[in-house]
There are 2 protein chains.
Amino acid sequence: MDDTLNANARAILDIVQGAKNHPTALEVYERVRRVRPHIGLATVYRVLHQLAEAGCIKELGRDSEGCRYDAHTERHDHAICTECGALLDILLEVGVSSEALQAAAQAVGVVLSSHEVRIYGLCAACQVKE
Amino acid sequence: MDDTLNANARAILDIVQGAKNHPTALEVYERVRRVRPHIGLATVYRVLHQLAEAGCIKELGRDSEGCRYDAHTERHDHAICTECGALLDILLEVGVSSEALQAAAQAVGVVLSSHEVRIYGLCAACQVKE
DNA sequence: ATGGGTGCAAATCCTTTGCATCTGC
DNA sequence: GCAGATGCAAAGGATTTGCACCCAT
């Protein structure tokens, strides 16, 4: 999956995979610069798109900071803080029944390929601040 | 819920509620201009935030076109086209068990307030193009 | 020499902000 | 007259693009 990657792409993939959070393109840029100081921001964006296209990473939606990337490619769910926007990985033990998903998808003419549950609420840090 | 709104806010809320799709701020702006030609884009953004804050509408995540708004405030789910990004309302008849949601939220220290299921796949229009 | 990948800078796009003006009370 | 709302234009921030350059083939 990754032996075709060049040095920049390799470094970027390593960073996304090694990140504990879901880094934005800018965060990836800053981190990759420590290893490859001459890399340009445009290359980071280009490579992130390629990696997402290739399925090595996933592009999560944008929030106020920008687009976030996730190297955790197996199906999983997310918890999102309604206050600060923090995005945390979760895994629902009991998923949604796939018949229900299929039915809902069919109802709007969509060919189902995956799904994700998002739960919203206050994260631990924001509970304290309230 | 809306008798405290002024004319601009009223017009904007009407437009979001009357929209069949999930309009972006720019779309709302263009539509509200037909009714109130002097309105500024900044006011549209300000009012949309206020309405979202007040719970009259919901702010959906941003996609390539920008931030989308939804006047459909009851809990529901979405189908998202992986090709063109189209965002469609769906409702899963069989939801996720609330115990599972609670458990997952607790596991990451989040106080659960709502949830949403997202299904991904090709929308009808994009199936044809493939 | 050739083509893809790269860096830089400029351009774009959406969104926010500053500020002077206008409005309703 | 004042406080809040508004329009306009400028600023801000993320992402994309144009283009010349460089490297490996």
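Sequence lines set the chain letters: A, B, ... in the order given, protein chains first and strands last, and positions in each chain run from 1. Just so you know, these numbers use all the heavy atoms, side chains as well, and skip hydrogens, waters and symmetry mates.
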Novice: Spell out, as yes or no, whether a donor-acceptor pair under 3.5 Å connects the side chain of A/R62 to the backbone of B/R62.
Specialist: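 No.
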Novice: Report yes if the side chains of B/L26 and B/L41 come closer than 4.5 Å at any heavy-atom pair, otherwise no.
Specialist: yes
Novice: For a side-chain contact (heavy atoms from CB on, under 4.5 Å) check, start with the C-alpha distance between B/V32 and B/T43, then their side-chain angles and the critical distance, and finish with the verdict.
Specialist: CA-CA 11 Å; B/V32 78; B/T43 299; over 6 Å; no
Novice: Using side-chain heavy atoms (C-beta onward) and a distance below 4.5 Å, is A/E83 in contact with A/Q127?
Specialist: no
Novice: Check whether any side-chain N or O of B/D63 sits under 3.5 Å from a backbone N or O of B/G66 as a donor-acceptor pair, and report yes or no.
Specialist: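 Flag set: sc B/D63 to bb B/G66 pair under 3.5 Å.
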Novice: If every non-hydrogen atom of B/I12 is compared with every non-hydrogen atom of B/V44, which pair is closest and at what distance?
Specialist: CD1-CA, 3.8 Å
Novice: Side chains of B/Y69 and B/E59, heavy atoms from C-beta outward: is any pair under 4.5 Å?
Specialist: yes
Novice: Look at B/Y45 and C/dT16 and indicate whether a side-chain polar atom (N or O) is within less than 4.0 Å of OP1 or OP2.
Specialist: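 Checking C/dT16 against B/Y45, no side-chain N or O comes under 4.0 Å of OP1 or OP2.
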Novice: For DNA chain D, determine which residues of residues 23-32 of chain A have any heavy atom closer than 4.0 angstrom to one of its atoms, and list them numerically.
Specialist: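 The stretch gives A/A25, A/L26 as the residues lying under 4.0 Å from the strand, ordered by number.
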Novice: Sub-3.5 Å donor-acceptor pair from the side chain of B/E27 to the main-chain atoms of B/T24, do we have one?
Specialist: yes
Novice: Can you tell me if A/H76 and A/E74 form a side-chain donor-acceptor pair at under 3.5 Å?
Specialist: no
Novice: Side chains of A/D77 and A/L91: does their closest heavy-atom pair fall under 4.5 Å?
Specialist: yes
Novice: I need the full list of side chain to side chain donor-acceptor pair (under 3.5 Å) pairs touching residues 104-122 of chain B, with sequence neighbours left out, sorted by first then second residue.
Specialist: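 Every pair satisfying side chain to side chain donor-acceptor pair (under 3.5 Å) with a residue in residues 104-122 of chain B: A/E116-B/Y120, A/Y120-B/E116, B/H78-B/E116, B/E116-B/R118.
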Novice: Return the polar atom pairs (N/O with N/O) between nucleotides 3-6 of chain C and the protein under 3.5 Å, or none.
Specialist:
unit_1, atom_1, unit_2, atom_2, d
C/dG5, O3', A/N6, ND2, 3.3
C/dT6, OP1, A/N6, ND2, 3.1
C/dT6, OP1, A/N8, ND2, 2.9

Novice: Quick one: does B/R68's side chain have a donor or acceptor within less than 3.5 Å of a partner on B/L60's backbone?
Specialist: no
Novice: Would you call B/V117 and B/I90 a side-chain contact if the rule is heavy atoms closer than 4.5 Å?
Specialist: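 With C-beta onward as the side chain, the pair stays apart.
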Novice: Are B/I15 and B/L87 co-members of a hydrophobic cluster defined by side-chain heavy atoms under 4.5 Å apart?
Specialist: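 No.
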Novice: Please work out which residues in residues 60-69 of chain B have a non-hydrogen atom less than 4.0 Å from an atom of DNA chain C and list them by number.
Specialist: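 Output list: B/E65, B/G66, B/C67.
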Novice: Output the pairing pattern of DNA chain D as a dot-bracket string, 5' first, Watson-Crick or G-U wobble with both distances under 3.5 Å, | for cross-strand pairs, [ ] for crossing pairs.
Specialist: |||||||||||||||||||||||||
Novice: Go through DNA chain D in 5' to 3' direction and return only the first and the last nucleotide with some atom under 4.0 Å of chain B's heavy atoms.
Specialist: D/dA5 to D/dC8
Novice: Decide yes or no for B/L51 and B/L5: does some side-chain heavy atom of the first lie under 4.5 Å from some side-chain heavy atom of the second?
Specialist: yes
